[in-house]
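This one's a predicted model, so the numbers in the text were calculated from it and none came from an experiment. Sequence positions, counted from 1, serve as the residue numbers for this chain.
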Amino acid sequence: MTTDAFPRGKTAIVGVSTFGTGKAPGYEPHDLAAIAARNALREAGLTFADVDGLFYTNSADTFGGGTSFAQYLGIQPKVIDNSRPGGNVFETWLERAAWLLDAGLIDCALIAYGSNQASASGKLARTSQPWPYEARYQPINPVSSYALAAARHMHEFGTTRDQLGAVAVAARQWAMLNPEAFKRDPMTLDDYRASRLVSDPLSVLDCCLVTDGGAAIVMTRADRAADLKAKPVRILSAASGTTHHNISTMPDLTRTALAECGARAYAAAGLGPQDIDVVELYDAFTINTILFLEDLGFCPKGEGGRFVEGGTIAPGGSLPVNTNGGGLSCTHPGMYGLFTIIEAVRQLRGTCGERQVAGARTAIAQGNGGVLSAQALAILATD
């Protein structure tokens with residue numbers, strides 16, 4: 001099957017929840033994920049007994065923890081998936097769950113994640129070993145890999161640090177409107193310029209947060225969704241793609257797999273960039289936002305830095321991007337891709353309070369894995 005035949009609008013997200021974003025001492029990853037999952041199911045009017053498709057990973061279990069989490073929840077699902085290519089996996093799971101639901105192989109999918117990395121260690125958890133061909137250069141990964149992409153973008157297109165800073169400032173401005181965001185204190189471009197360099201050209205304020213957090217979404221078929229408690233958000237399309245594992249083997253440091261899989265997702269949804277009201281991107285680093293906006297067609301390749309200047313993606317700008325504050329200012333518990341879906345759903349439901357985008361009907365939720373290695377996205381809509 002190809003994404004061209006994606007079951008457009010035949011499945012829906014019927015429940016979403018986050019729990020413990022920021023710091024959640026005393027909770028294990030399973031605890032955080034289970035509480036978020038319970039709340040997401042409760043929002044839909046469902047229980048754990050309804051779940052027959054489980055898609056799960058966490059920050060602690062190298063094997064993803066799928067069977068142990070099913071045991072923790074007391075369920076025996078027909079399908080378990082705990083593959084773990086990175087933070088894009090949640091959009092990829094959404095894609096797989098949509099196919100399984102449409103085929104009638106499952107009736108209720110639960111996608112969940114839990115991480116206590118901030119409380120447990122206060123550091124970004126390392127889940128892979130250094131590659132011998134890069135290790136001799138002593139990179140501080142993952143930041144050095146993203147710094148390489150940023151440096152190349154600067155070299156090819158004249159992108160500036162102030163343009164990267166515009167991404168960080170916009171994210172903070174959105175976070176200041178979000179009671180759930182971990183960082184809500186004001187930040188200016190001067191603050192950004194003064195921040196400590198980590199891996200040239202990226203500074204501390206170019207890098208995502210290190211937080212705890214649990215998240216969950218519940219999916220079912222659209223015909224069933226209409227009878228449940230919460231307002232359903234339809235899944236118009238989803239697609240994913242991979243280009244490399246290590247950054248030194250990336251075919252083009254300024255072009256990600258999102259350019260290809262994004263085009264497939266637009267085609268399957270019957271939409272284009274001009275039709276999207278809200279964009280939720282995986283902003284592990286400021287360069288991500290610029291690269292992904294280009295690859296998704298919101299501006300030409302090389303123009304991303306200039307595109308984000310002047311508040312274009314900030315509150316009140318022409319393109320609302322990362323309206324919860326993103327991984328830069330809201331939360332980043334190791335993998336952030338599930339949180340982009342949840343924020344997109346909340347925007348389309350109109351439940352975001354002060355940060356609500358007026359009239360939002362369509363949204364992109366995007367996930368990024370590894371070091372720009374794997375990309376995935378979903379295009380969502382509300383009636």
Closest approach of A168 to M187 (non-hydrogen atoms, all atoms of both residues): O-CE, 3.2 Å

By ring-ring contact (aromatic ring centres under 6.0 Å, His included) - contacts of F157 (at least two apart): H153

Step-by-step side-chain contact (heavy atoms from CB on, under 4.5 Å) determination, V279 to I276: CA-CA 7 Å; V279 182; I276 304 301; 4.0 Å; yes

N/O donor-acceptor pair under 3.5 Å between Y146 side chain and A284 backbone: no

N368 and Q375: side chain donor to acceptor below 3.5 Å: yes

Donor-acceptor contact present, side-chain Y133 to main-chain S248, <3.5 Å: no

Pairing residues for Y113 by the ring-ring contact (aromatic ring centres under 6.0 Å, His included) criterion, not counting sequence neighbours: F90

Polar contact flag, side-chain donor to acceptor under 3.5 angstrom, Y72-D31: yes

Residues S195 and S203: side-chain donor-acceptor under 3.5 angstrom: yes

Check: W99 ring centre within less than 6.0 Å of F6 ring centre: yes

Check against side-chain contact (heavy atoms from CB on, under 4.5 Å), I342 and V345: CA-CA 5 Å; I342 290 171; V345 169; 5.7 Å; no

S318 side chain to T312 side chain, donor-acceptor N/O pair below 3.5 angstrom: no

Side-chain heavy atoms of N82 within contact of F69, under 4.5 Å: no

Side-chain (D52) to main-chain (C108) donor-acceptor, under 3.5 angstrom: yes

Point-to-point distance, once rounded to the nearest 0.5 Å, from CG of L271 to OG of S237: 7.5 Å

4.5 Å side-chain heavy-atom contact, F339 and T21: yes

CD1-CD distance between I247 and E134, expressed to the nearest 0.5 angstrom: 8.0 Å

Test: R234 and D383 ion pair at under 4.0 Å: yes

Student check: side-chain heavy atoms of L177 and P315 closer than 4.5 Å: yes

Residue pairs involving residues 288-315 (criterion ring-ring contact (aromatic ring centres under 6.0 Å, His included); sequence neighbours excluded): none

Salt bridge R96-E91, side-chain N to carboxylate O under 4.0 Å: no

Residues, nucleotides or ligands: over 12 heavy atoms within 6.0 Å of Q138 CD: no

Donor-acceptor contact below 3.5 Å, side chain N88 vs main chain G367: no

Carboxylate-amine/guanidinium proximity below 4.0 Å for R346 and E180: yes

Donor-acceptor contact present, side-chain D212 to main-chain A118, <3.5 Å: yes

Residue pair E294 / G304: nearest heavy atoms and the distance that separates them: OE2-N, 2.8 Å

Distance-only donor-acceptor check, side chains E280 and T323, under 3.5 Å: yes

P333 backbone acceptor or donor facing S115 side chain under 3.5 Å: yes

L32 side chain reached by I35 side chain, heavy atoms, under 4.5 Å: no

Of L380, V278, D277, the residue whose pairing with R361 passes side-chain contact (heavy atoms from CB on, under 4.5 Å): D277

Test: D107 and R224 ion pair at under 4.0 Å: no

Aromatic ring pairing F55/W93, orientation class (parallel under 30°, perpendicular over 60°, tilted between): tilted

Heavy-atom check, side chain of L202 versus side chain of L164, under 4.5 Å: yes

Point-to-point distance, once rounded to the nearest 0.5 Å, from CE of M154 to CZ of R161: 6.5 Å

Whether N178 side chain and A175 backbone form a donor-acceptor pair below 3.5 Å: no

Minimum heavy-atom distance between M219 and T11, given as atom pair plus value: CE-OG1, 4.4 Å

Side-chain heavy-atom pair L228, L46 within 4.5 angstrom cut-off: yes

Polar side-chain atom of Y282 near backbone of G87 as donor-acceptor pair, under 3.5 Å: no

Check: H332 ring centroid to F285 ring centroid under 6.0 Å: no

Residue Q76 excluded, over 12 heavy atoms near CD under 6.0 Å: no

S83 vs D81, side chain to side chain donor-acceptor pair (under 3.5 Å): CA-CA, chis, key distance, verdict: CA-CA 6 Å; S83 56; D81 191 334; 2.9 Å; yes

Atom of A365, atom of A344 and distance for their closest heavy-atom approach: CB-CB, 4.2 Å

Any donor-acceptor N/O pair, D295 side chain to T256 backbone, under 3.5 Å: yes

Step-by-step side chain to side chain donor-acceptor pair (under 3.5 Å) determination, T188 to D191: CA-CA 5 Å; T188 66; D191 295 327; 3.1 Å; yes

Chi angles and distances behind the side-chain contact (heavy atoms from CB on, under 4.5 Å) call for T243, T249: CA-CA 9 Å; T243 50; T249 68; over 6 Å; no

Separation between CD1 of I313 and CG of L293, rounded to the nearest 0.5 Å: 6.0 Å

Donor-acceptor contact below 3.5 Å, side chain R172 vs main chain D185: yes

Distance, nearest 0.5 Å, that separates CG of L73 from OG1 of T47: 11.0 Å

Student check: side-chain heavy atoms of L94 and I111 closer than 4.5 Å: yes

Donor on one side chain, acceptor on other, T362 and D275, under 3.5 Å: no

side-chain contact (heavy atoms from CB on, under 4.5 Å) assessment of I379 paired with Y266: CA-CA 8 Å; I379 299 180; Y266 283 136; 3.8 Å; yes

Side-chain donor-acceptor pair present, S119, N116, cut-off under 3.5 Å: no

Other residues, nucleotides, ligands: >12 heavy atoms within 6.0 Å of K301 NZ: yes

Charged N-O contact under 4.0 Å between R306 and E309: no

Reported CD-to-NZ distance for the pair E43 and K229, which is rounded to 0.5 angstrom: 8.5 Å

Any side-chain heavy-atom pair of I235 and E95 under 4.5 Å: no

More than 12 heavy atoms from other groups under 6.0 Å of OH on Y192: yes

